[in-house]
**Student:** 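Here it is: the structure, laid out below.
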Amino acid sequence: MGNSIVDVAIDMSKIELENVTKNFGDVIAVNDVSIEIYDREFLVMLGPSGCGKTTTLRTIAGLEAVDAGNIIIDERSVTHLSPADRNISFVFQFYALYPHLTVFDNIAFPLKASNVEKTEIESRVLEVAKTLQIDVSLNRKPKQLSGGEMQRVALGRAMVRRPKAFLMDEPMSNLDAKLRIQMRSELKRLQKRVETTTVFVTHDQIEAMSMADRIAVMHQGEIQQVDSPKEIYNKPKNLFVAQFIGSPAMNLLEGVLESKNSKLVLSLFHTECSFVLSDLMAQKVMQQFKLDKIVFGIRPEHVMLSKAPTGCQFESKIHFIEYLGATKIIDVMLGENIHTRTPIFLKSRVHSSFQGSIGESVWISFEEEVIHIFDQGSQIAIQ
Ligand code: ATP
């Protein structure tokens, strides 16, 4: 297979967005977005519906003219070039092949549309089909293909033009859950093999986490954080990213940081929970933050429960148990909001062997290094 990858020899490319803004009337769809998408990278744009992912992708493709900013591909500004002159391929929904055409004709379609010579078409389709390992299926129709093979044909149709980059907008959204999981790993493997810079848009965080080299999290037209999936998960830069990534979501509870007896104490509102930060953590926090209201964050898998008190822990009661097979999600009640009378819960993900029943007392503990602290005003992470 190695040879055929070299044969396809798609240009390598880097895509840069510099302060890109796109408005639709009063709606700021993309707001001053700057990002560098590295050569051969698999970058996933992730965010809730309406956050501006598709519009950003369409500005890269040239399907939307920008109101401000620049788009640069391989050090050349393409901001004012037509889509055809940018040499970038949109990969459409993976199921959207022409059903009446063979695999060969589906892949050849963009070349035929551009009047490429017949022998050139044949050799390019064959190269691409070999790379994607679908050369034995060239005479079949889409309905005779598996989901994975259809995905390869859709990719082949984009590759055959030898684009500088692939742009994919929720290509798996119409597939059933099982097929999506299979396609995720296959697409990631293929992208690494064909070595083409790829920008993939999704609102599905699992899709993003499992495929991306880096994820760009978007919200309200702005990029919130660009990092590897691991960094995004472990070190969210602000409250939006913290609550958007992870399922169940990170526990977020309001509280305050105060200085008491030359120690830094974190207390959670409406609960009895309050704990002293280590000197090391206190020093780190104090460097970036003046004492004020905070939001305390902890992922459910970091909330440890035990049936008996040992050391510095908080007692609470089990409110609800969700059995998930390998793990259980246990909601424990920490207190009650004195203004709204709504209970304050913490979710804990424990091994399914954990025994406990609703109403029973449990003791909560956690390691200091896994906690997150956000400035309540700016919503920026300070730890
Ligand atoms: P989704 O996941 O729902 O597709 P998205 O993150 O891709 O959402 P966009 O489609 O880029 O978001 O839309 C961003 C904002 O711009 C939304 O408020 C949307 O309603 C608006 N918008 C997008 N395209 C147009 C258009 N052609 N005319 C007017 N408003 C638009």
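In each ligand, atom 1 is the first atom listed, and ligand 1 is the first ligand listed.
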**Student:** Tell me the contacting part of Thr54 for ligand 1: side chain, backbone, both, or neither, using a 4.0 Å heavy-atom threshold, strictly below.
**Tutor:** both
**Student:** When you measure from atom 24 (N) of ligand 1 to every protein heavy atom, which one gives the shortest distance, and what is it?
**Tutor:** Phe24 CE1, 3.4 Å
**Student:** Decide whether an N or O pair under 3.5 Å exists between Gly50 and ligand 1.
**Tutor:** yes
**Student:** Can a protein heavy atom be found under 4.0 Å away from atom 14 (C) of ligand 1?
**Tutor:** yes
**Student:** Passes ring-ring contact (aromatic ring centres under 6.0 Å, His included), Phe345 versus His319? Steps please.
**Tutor:** CA-CA 8 Å; Phe345 294 118; His319 179 78; 4.4 Å; yes
**Student:** How far is atom 11 (O) of ligand 1 from the closest protein heavy atom, and which atom is that?
**Tutor:** Thr55 OG1, 2.5 Å
**Student:** Could you say whether the N/O atoms of Glu64 and ligand 1 ever approach to under 3.5 Å?
**Tutor:** no
**Student:** Could you find the nearest protein heavy atom to atom 18 (O) of ligand 1 and give me its residue, atom name and distance?
**Tutor:** Val27 CG1, 3.6 Å
**Student:** Which residue is it: Lys164, Arg189, Arg40? I am looking for the one with a salt bridge (charged side-chain N to carboxylate O under 4.0 Å, His left out) to Glu195.
**Tutor:**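 Among the candidates, only Arg40 passes.
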**Student:** In the protein, what heavy atom is nearest to atom 2 (O) of ligand 1, and what distance, to one decimal place, separates them?
**Tutor:**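 That would be Lys53 NZ, 3.0 Å.
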**Student:** Passes side-chain hydrogen bond (donor to acceptor under 3.5 Å, both in side chains), Ser361 versus Glu315? Steps please.
**Tutor:** CA-CA 7 Å; Ser361 279; Glu315 186 180 359; 3.0 Å; yes
**Student:** Of the choices Ser49, Gly52, Ala29, Gly47, which has the non-hydrogen atom that lies closest to atom 12 (O) of ligand 1?
**Tutor:**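 Ranked by closest heavy atom to atom 12 (O) of ligand 1, first place is Gly52.
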**Student:** Side-chain contact test, heavy atoms from C-beta onward, threshold under 4.5 Å: evaluate it for Phe269 versus Lys293 and give yes or no.
**Tutor:**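 Touching, per the 4.5 Å side-chain cut-off.
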**Student:** For ligand 1, is Pro48 a contact, meaning one of its heavy atoms is under 4.0 Å away?
**Tutor:**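 Yes; Pro48 lies near enough to ligand 1 that a heavy-atom distance drops under 4.0 Å.
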**Student:** Quick one: does atom 20 (O) of ligand 1 have a protein heavy atom under 4.0 Å from it?
**Tutor:**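 False for atom 20 (O) of ligand 1.
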**Student:** Hey, is His203 touching ligand 1 through its side chain, its backbone, both or neither, going by heavy atoms under 4.0 Å?
**Tutor:**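 No part of His203 is near ligand 1 at this cut-off.
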**Student:** Please evaluate residues Asp39 and Ser13 with respect to the criterion side-chain hydrogen bond (donor to acceptor under 3.5 Å, both in side chains), reporting the C-alpha separation (whole Å), side-chain torsions for both, the decisive distance (0.1 Å), and the verdict.
**Tutor:** CA-CA 5 Å; Asp39 182 22; Ser13 54; 5.1 Å; no
**Student:** N/O of Cys51 under 3.5 Å from N/O of ligand 1, yes or no?
**Tutor:**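 Between Cys51 and ligand 1 (N or O atoms, distance only) the closest approach is under 3.5 Å.
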**Student:** Are Leu253 and Phe314 linked, directly or through other ILVMFWY residues, by side chains that come within less than 4.5 angstrom of each other?
**Tutor:**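 Yes; tracing contacts between hydrophobic side chains, which count when under 4.5 Å, links both residues.
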**Student:** So Asn19 and Asn70, do their side chains get closer than 4.5 Å, heavy atoms only?
**Tutor:** no
**Student:** Within a strict 4.5 Å, meaning less than it, do heavy atoms of the Asn106 and Pro142 side chains meet?
**Tutor:**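 They are in side-chain contact.
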**Student:** Can you find a heavy atom in the side chain of His270 that is under 4.5 Å from one in the side chain of His339?
**Tutor:**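 They are in side-chain contact.
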